Student: 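If you scroll down you'll find the structure; I have some questions about it.
Just follow the structure's listing: the first ligand is 1, and inside any ligand the first atom is 1. All figures in this text were calculated on a predicted structure; none of them were measured in a lab. Every heavy atom of this structure was used, including side-chain atoms; hydrogens, water molecules and symmetry mates were not.
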Amino acid sequence: MAAVPKATLYTFDGSVWASAPRLALVEKGYASTDLDLKIVDLLKGENFDPSFLRINSKGTVPALVVPLLETTSAEVDTKFRAITDTKLILEFLDKSRSQNTLAANADSAAAPAPILAPATIEGKALSDELIALVHEPSVDPNFLLLGIRSEAELQKAKQGLPGTFVANRHAALVAHQKALENSASTTAFDGSTNPKSSAVHENLKKWYADKISSQALLTGAYVGGDKDAVAQLVKLTNDAWQNVAKCIEKLETKLTGPYALGDQISLADLHIVPWLARIAAVAQGVKPASDPIASIDAVIAEYNVKVGQKAFSERPSFQAVYGSGLH
Ligand SMILES: N[C@@H](CCC(=O)N[C@@H](CS)C(=O)NCC(=O)O)C(=O)O
């Protein structure tokens with residue numbers, strides 16, 4: 001029997017936003033056989049491989065590749081589409097589990113899944129607002145991981161995970177750029193050039209050049225020993241932490257409690273919890289917490305988030321994603 005086409009979630013354990021669909025899979029009661037998980041090691045810069053960029057041209061996780069229903073029959077080759085935005089991935093996972101559209105062989109006898117989308121127009125407006133708040137570029141949790149509040153912090157960060165991350169990413173980008181420059185992918189066997197592959201080649205070259213320049217500040221500070229870059233990074237990091245404090249204050253006024261929208265967990269929690277977890281992890285100096293639940297509570301207490309996400313830390317989904325430490 002031909003294998004039934006399944007969705008594939010591209011993920012990485014240390015990723016903030018990939019943690020959101022990982023929480024959702026548990027909350028929705030997906031079985032481990034419902035979809036394939038593929039690890040893209042961000043620490044090694046695997047998200048910059050041309051093979052991954054063909055799946056997600058943004059080069060980010062999470063990415064969910066789903067079979068198109070109209071092509072999941074034996075007669076036609078299955079076509080797939082990629083969903084590359086965390087919010088859309090969660091909405092898709094929420095809808096698919098009750099409708100069993102994620103895999104053609106989804107077990108229709110499985111227990112009904114909770115609906116995570118808010119049921120009312122007001123609920124949806126608040127949910128969208130909360131989700132947008134934690135996805136604001138000014139409180140980017142990935143920047144906070146690599147940010148430094150002082151030169152002394154840079155020396156520490158260089159020795160740890162942030163240093164490895166920045167250096168590996170830069171090395172991967174430069175290696176891909178070099179490989180493209182040296183490759184003759186535009187020339188076919190008969191010596192002619194294929195305009196399509198030549199355009200792909202040019203697009204990729206531009207992608208790597210743009211990405212390298214978007215990382216220039218981090219690379220300059222961590223790898224290049226550039227004093228101006230260090231000073232600028234220190235300023236941006238301190239600004240970002242001010243923004244985090246404001247964001248937490250805003251969350252505090254808007255969260256209903258005990259979950260974001262009230263008594264039931266909803267999509268908004270699955271965005272807020274990974275954001276708070278990263279903030280907590282960075283605030284502790286990026287070391288694995290021996291007790292992740294106590295540490296997230298400590299950050300919430302420090303910022304005086306009254307309702308916070310305390311209730312969430314007792315859930316099996318939280319244990320599955322953060323049981324061995326916040327990230
Ligand atoms: N706006 C995107 C952001 C996703 C994102 O930034 N993912 C991070 C991991 S948490 C990533 O893949 N970073 C790799 C990179 O930017 O090179 C979303 O919400 O899905």
Student: Parallel, tilted or perpendicular: which one describes the rings of His176 and Tyr208, with boundaries at 30° and 60°?
Tutor: parallel
Student: On a heavy-atom basis, I'd like to know which of Val16, Leu90, Thr60 is closest to atom 13 (N) of ligand 1.
Tutor: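 The nearest heavy atom belongs to Thr60.
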Student: Who's the nearest protein heavy-atom neighbour of atom 10 (S) of ligand 1, and how far?
Tutor: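 Ranked first by proximity to atom 10 (S) of ligand 1 is Ser15 OG, 3.1 Å.
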Student: Which protein non-hydrogen atom lies closest to atom 6 (O) of ligand 1, naming both residue and atom, and how far is it?
Tutor: Asn142 ND2, 3.7 Å
Student: Go through ligand 1 atom by atom and flag the ones less than 4.0 Å from a non-hydrogen atom of Asp85.
Tutor: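 So the atoms of ligand 1 that pass are 20 (O).
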Student: Answer yes or no: is there an ion pair linking Lys28 with Asp94, defined by an N-O contact shorter than 4.0 Å?
Tutor: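 A salt bridge links Lys28 with Asp94.
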Student: Among all protein heavy atoms, pick the one closest to atom 7 (N) of ligand 1 and tell me residue, atom and distance.
Tutor: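 Result: Val61 O, 2.8 Å.
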Student: Quick check for you: to the nearest 0.5 Å, what is the distance between Ser198 atom OG and His201 atom NE2?
Tutor: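 Output value for this atom pair is 8.5 Å.
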Student: Quick test of your reading of the model: are Glu181 and Lys205 salt-bridged, counting only N-O distances below 4.0 Å?
Tutor: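 Between Lys205 and Glu181 there is no salt bridge, as every charged N stays at least 4.0 Å from the carboxylate O atoms.
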Student: At less than 4.0 angstrom from any non-hydrogen atom of Phe48, what atoms of ligand 1 do you find?
Tutor: 17 (O)
Student: Looking at atom 17 (O) of ligand 1, what's its closest protein heavy atom, distance included?
Tutor: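 Nearest neighbour among protein heavy atoms for atom 17 (O) of ligand 1, to 0.1 Å: Arg169 NH1, 2.8 Å.
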Student: Looking at Phe52, is Arg54 sitting on its ring face, NZ or CZ under 6.0 Å from the six-membered ring centre and within 45 degrees of the normal?
Tutor: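 No, Arg54 and Phe52 do not form such a contact.
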Student: Rounded to the nearest 0.5 Å, what separation is found between the CG atom of Leu233 and the CZ atom of Arg149?
Tutor: 12.0 Å
Student: Look at atom 20 (O) of ligand 1 and say which protein heavy atom is nearest, naming residue and atom and giving the distance to 0.1 Å.
Tutor: Thr86 OG1, 2.7 Å
Student: Mind checking the CZ-CD1 spacing from Phe48 to Ile212? Nearest 0.5 Å is all I need.
Tutor: 9.5 Å
Student: Calculate, to the nearest 0.5 Å, the distance between atoms CG and CG belonging to Leu90 and Leu116 respectively.
Tutor: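 So the CG of Leu90 and the CG of Leu116 are separated by 8.5 Å.
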Student: Would one find an N or O of Trp17, backbone or side chain, under 3.5 Å from an N or O of ligand 1?
Tutor: no
Student: Which bit of His135 gets closer than 4.0 Å to ligand 1, counting heavy atoms only: side chain, backbone, both or neither?
Tutor: side chain
Student: If you measure from CZ on Arg22 to CG on Leu270, what distance do you get to the nearest 0.5 Å?
Tutor: 13.0 Å
Student: Under 4.0 Å from any heavy atom of Thr84, which atoms of ligand 1 are there?
Tutor: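 The list of qualifying atoms is 20 (O).
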Student: For atom 14 (C) of ligand 1, what's the nearest protein heavy-atom neighbour? Residue, atom name and distance, please.
Tutor: Asn47 ND2, 3.2 Å
Student: Does the protein put a heavy atom less than 4.0 Å from atom 4 (C) of ligand 1?
Tutor: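 So atom 4 (C) of ligand 1 has protein heavy-atom neighbours under 4.0 Å.
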